[in-house]
K.L.:
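This is the structure I have questions about; it appears just below.
Every chain is numbered from 1, with letters handed out A, B, ... down the list of sequences.
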Amino acid sequence: MNFLELKSVTKRFGGVLALSNVDFDLAQGEVHSLVGGNGSGKSTMIKIISGVVSPDPGSRIVIEGHAYSHLNSVQSSRLGIQVIYQDLSLFPNLTVAENIGIGFHRGGVRPVDWGAIRRAARGALEKLDVELDLDAPVSELSIASRQLVAICRAIVADAKLLIMDEPTASLTRHEVDALLALTLSLKAKGMTVLFVSHRFDEVLEIADRVTVVRDGVKLGTYEAKGMTERQLVTLMAGKSFDYETSERAIDRSRPILSVAGLSREGQYEDVRFDLYPGEILGLTGLLGAGRTELALSLFGMNTPDRGSIAIDGRPVTLTSNADAIGQGVAYVPEDRLSQSLVLNQSIGGNIILPVLDQLTGPLGLIVGSRRAELVRTWIADLAIKAPKPDDAVKTLSGGNQQRVVIAKWLATKPRILILDSPTVGVDFQGKDGIYTIVKDLAAKGLAVILISDEIPEVLYHCDRILIMRKGRLISEFAAHRSSEAELKEAVYA
Amino acid sequence: MSLPHPLARIVASKDFRLVVLIAILIVVFGSLIGDRLFGQLGLRSMAYQLPELGLLSLAMMVAMLSGGIDLSIIATANLSALTIAGSLSLMPAGDGGSAAALWEIGSVLAGLAVALAVGVGNGLVIGYFRVSPILATLGSMTLVKGLAIGLTHGSVLSGFPPAIVFLGNGSVLGLPMPLIVFAAVAAPLSALLTMTPFGVRIAMFGSNERAVRFSGVDTRALTLRTYVLSSFVAFFAGLVMMARFDSANAAYGESYLLVTILACVLGGVDPAGGFGRVSGLVLALVVLQIISTACVVLGLSQFLTLAIWGGILIAVGALDAASAGGVFALLRSLVTDVVAPASASPPTGASKPQ
Amino acid sequence: MLKAARGFRQSQEFWLVMVTATLVVVLSILRPNFLSLQNLLDLMSSYAYTGMLVLALFVVLIAGGIDISFAAVATAAQYAALTVANSYNIGWIGVTLIAAAIGLSLGLVNGFLVYALGLASIIVTIATQSIIFGLVLTITRGQDIFSLPEWFTRGVDWTFTVSPDGTEYAINLQMIALVASLVVTWLLLNRTNIGRQVYALGGNPDAARRIGFRVFGLNLFVYGYMGLVAGLASIVLAQYTQSVSPTALVGRELDVVAAAFLGGASVLGGAGSVLGAALGIALLAIIQNGLTLLGVSSYWSGFSTGVVIVVAVVAMARDARRRWRDSPGM
């Protein structure tokens, strides 16, 4: 018995075909994974199922045997479909109980039935076998607890199908394991789950079946048992990306960056390493291990309590990121959308942002030709696919946006480039392009620190890998003499 | 999404729409009262009036461009004018000459210093103490105006030296002095905002504060400088106002406060920050001024002018909303929002048991 | 319990209570007549209009919006209702109904425009303020109404106690209206479903939409409530001042806005409690009254209010500043 079927579902946005004639089914009580790159059409599928957008005429949605040409969001919710979006859609100013029972707030000036709300919230928490303070404001909870609140809310709304959109993106490994276990227990209670994720290890661990979409077309639905991560990547990207570790000749006579005994209370402890010109140094570890905090300290935005940083053999004190930039350090932050880019503003404007002072002529005015030349050079050098430099950055794809960020930092002529999770939210093609850029830069002598969650990423694209746990560097690997299994072991042990 | 032709871009730009609006106003009012409105007298009165609101709007624009707001501009302008007036009144009686001139210059500089001090205060509270701009400047507005009232007991200080009166009422080569002052502030300000690192950063900051901070900019200092700039422009507004009326008072121009925001938005300044040009604001000011002077010529109440100004902003907003989503899309969304949750529409298509 | 107490100590309300209490103690030591019943009753009467508006504006702020047009709305409602009352014998019910209807309809127009234009609410309501105020002044030519019906000027007074020296203490229309708005606003925001939806909307508008709350309806509700209260408050004020002046109210909106923010409303919406709003008004009222009692010239009252606002907002922002220092990545 299928809980839901999509039959010949097509959706156009303006002239763009987002979904083309997709057939899809969800069996009652299964965990089903939906994978696909950016723009593959998977979000459109979710939106059609949840009633946020209507498919084009001729499409049919069948839910528990009843056919619909389209749904609206209220209908979809009444049919038992609940979506947990990546942003969780919670109300930070309200309590746990009220968030879970938010659906009880209907009916205008009728008095609130607080008793019913608390009973429902307690019931949902018991069903999941977790404990949360019903009166705590959601803004004070951890991400993982917030996610539990969102799941409880879906349960209270009588969810039969739970759609989870990238639920593990900001969880620690431990929290991910707990979530996966929770998902399986929901399944055991008869819930159908559609699990959208780009982490293929999780997908294969939890799903009964996997559906792959690309360019608005469904490529197929597969039994998860017997699939490998590599097969999924190949399906999803349309070609295979086989990377190998490499041993490159690096002159280790004189480090460009030396960090010794660096500590900051509660964040990282006694960090010591050297970085050489032309080297790509991987830094990995679990979320919350202190990687980003360390990177921010090297970038002058998080003053360490103790220890020393030396650049090119000279000790430096970095009290602001302007200092760091002056010393030749560049930092591509982990949150591209809020920390790296001014999305509404032009591509050119973003690229010149850190080097504005170098573009001025007499009277302190920016020289138009110098600005244009700089922007043109970087757009060409990094092959940014942009119609016009004056277009807003938000019109670009994730991969091209990340290239704009890298261009912006290369414009400062750095000697050390720190990349914090540079490929998150970038599809395989885009990732491949970024790896190529980074390797070219290293070949020209730039020293790179690549921070990443993904073990294959650091293994295949770095020369050396440092593993961080609870604020300490615990081990070091030479890429060409290591394997994914060894690194995994070291990170998760 | 980009438009195919450069001409299409121009047509879609906010500046172009304002030019069309001005053209319509000229044609409509020109055919009704053209000889009086666009005769020498009409143009003269426009040229003398526009700079007051204009300078204040420029001050507001600087703050709005950075994603903030500066409600203290008028209080600042008045306090600064009162400082100048007070200082002038203390001028030792004498034969005039160079000592008097020096005293006058010193008085104006004292007024400038007061304005800049308010700007520094705003900038510190907003940039370093992280208070939201609307709250911070609401406080400083009350405080600065309160200080002006407390010191003057609400009285009017008047009678200024000829040099200052000339700023408000004289003319050079047929051009009224206030207009010259306005141009002398607006043109460099426009260059500052679009062509210097400081100005570019203000707009970038207005769109995304964090990204600017991560780009190595000390955003706290940037905020400080932004509000100092806003006060600096407000100082010129105070100067022109006191010169025009040959008097200074704690409450002059108060009714302009909200109008400056209206003018900025009409001129294409994004209330959320990041976008806005002096050229657009100037065009908006011309629109507002033509309407205002036309009302005077037609013998209509000055308050009707205010109502029409507000109406124009709503009309332009409606035009934007309609062109963004289409009128029908807008109406549909209103209808579905009201109706749909109450009665989920029944499934279309045949029910098909399996 | 402990946890709740700790939460309260960190809250805005706690600081407001502390500051207000300190002021009350200091003032009553310096000027014993500050705490006299008569002074407190007078204070309530004179701040009834402002207080009612602060409370209503608070609802708009919680929803994540702002309304600048309420003073213009109040002016329109006041003028129309009392002009009619001067010509026809419509009585209290008539006056109240006319003012309420005008206030409510203008508020609904605001709610519609804010939703439909998709512009920042501050911009929309500045525009509607200009329109309403401009039209009212054009129609009335800015003329005050000094002679009001006798039954209206007499007002509503219930003497509840007479002191030994023969002074009568009475509850009047202003106090009733202020307390009623406090109770109604509190009930609406904390005990009704629509009030909780308003909090939810202010906390996360996108989520509110996804949950299926009718955002348009909520907009109509909050701006409509603001308009309605502005209409009613205008009558309360006219009865207090015994006159109607179309130019007296507009231009002083920002005092009300300041009191609401002082009471803990967030610029971003979703935060604040009715208790905080009430304390915000009380604080401003006590400061201004205290200065008068202390014999400080009324010319300095604006300055003192400004100092209080600036000190308060800076103190409130201390937490935010600490966060900035400690987590640069945030």
K.L.:
Identify the two heavy atoms, one from Tyr223(C) and one from Gly65(C), that lie closest to each other, and give their separation to 0.1 Å.
P.N.:
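Closest approach of Tyr223(C) to Gly65(C): OH-CA, 3.6 Å.
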K.L.:
Side chain, backbone, both or neither: which part of Ile139(C) has a non-hydrogen atom closer than 4.5 Å to chain B?
P.N.:
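For Ile139(C), neither part sits under 4.5 Å from chain B.
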K.L.:
What option among Leu313(B), Val125(B), Leu135(B) has the most heavy-atom pairs under 4.5 Å with chain C?
P.N.:
Leu135(B)
K.L.:
When only pairs under 4.5 Å are counted, which of His153(B), Glu254(B), Gln302(B), Met141(B) shares the most heavy-atom pairs with chain C?
P.N.:
His153(B)
K.L.:
Would Asn110(C) and Ser69(C) count as a side chain to side chain donor-acceptor pair (under 3.5 Å) here? Give the steps.
P.N.:
CA-CA 9 Å; Asn110(C) 276 330; Ser69(C) 72; 2.8 Å; yes
K.L.:
Can you tell which part of Ser132(B) gets under 4.5 Å to a heavy atom of chain C, answering side chain, backbone, both or neither?
P.N.:
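Answer is side chain: those atoms of Ser132(B) sit under 4.5 Å from chain C.
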K.L.:
Which atoms of Thr142(B) come close to chain C, meaning under 4.5 Å heavy atom to heavy atom: side chain ones, backbone ones, both, or neither?
P.N.:
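Both parts, heavy atoms under 4.5 Å.
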K.L.:
Any idea how Phe221(C) and Tyr225(C) line up, ring-wise: parallel (<30°), tilted (30 to 60°), or perpendicular (>60°)?
P.N.:
parallel
K.L.:
Side chain from CB out, backbone as N, CA, C, O: work out which of these in Val257(C) comes under 4.5 Å of a heavy atom of chain B, or both, or neither.
P.N.:
both
K.L.:
Hey, does the side chain of Thr293(B) reach the backbone of Ile290(B) with a donor-acceptor pair shorter than 3.5 angstrom?
P.N.:
no
K.L.:
Go through the atoms of Leu220(C) and report whether side chain, backbone, both or neither lie under 4.5 Å from a heavy atom of chain B.
P.N.:
neither
K.L.:
Please determine, among Thr152(B), Ile308(B), Leu151(B), Leu257(B), the option with the most heavy-atom pairs under 4.5 Å with chain C.
P.N.:
Leu151(B)
K.L.:
CD1/Ile126(B) to OH/Tyr227(B) distance, rounded to the nearest 0.5 angstrom?
P.N.:
4.0 Å
K.L.:
So what's closer than 4.5 Å to chain B heavy atoms on Ile122(C): side chain, backbone, both or neither?
P.N.:
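Just the side chain, heavy atoms under 4.5 Å.
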K.L.:
For Leu119(C), which atoms come within 4.5 Å of any heavy atom of chain B: side chain, backbone, both, or neither?
P.N.:
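For Leu119(C), side-chain heavy atoms alone lie under 4.5 Å from chain B.
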K.L.:
Using non-hydrogen atoms only, which part of Leu113(C) is less than 4.5 Å away from chain B: side chain, backbone, both, or neither?
P.N.:
side chain
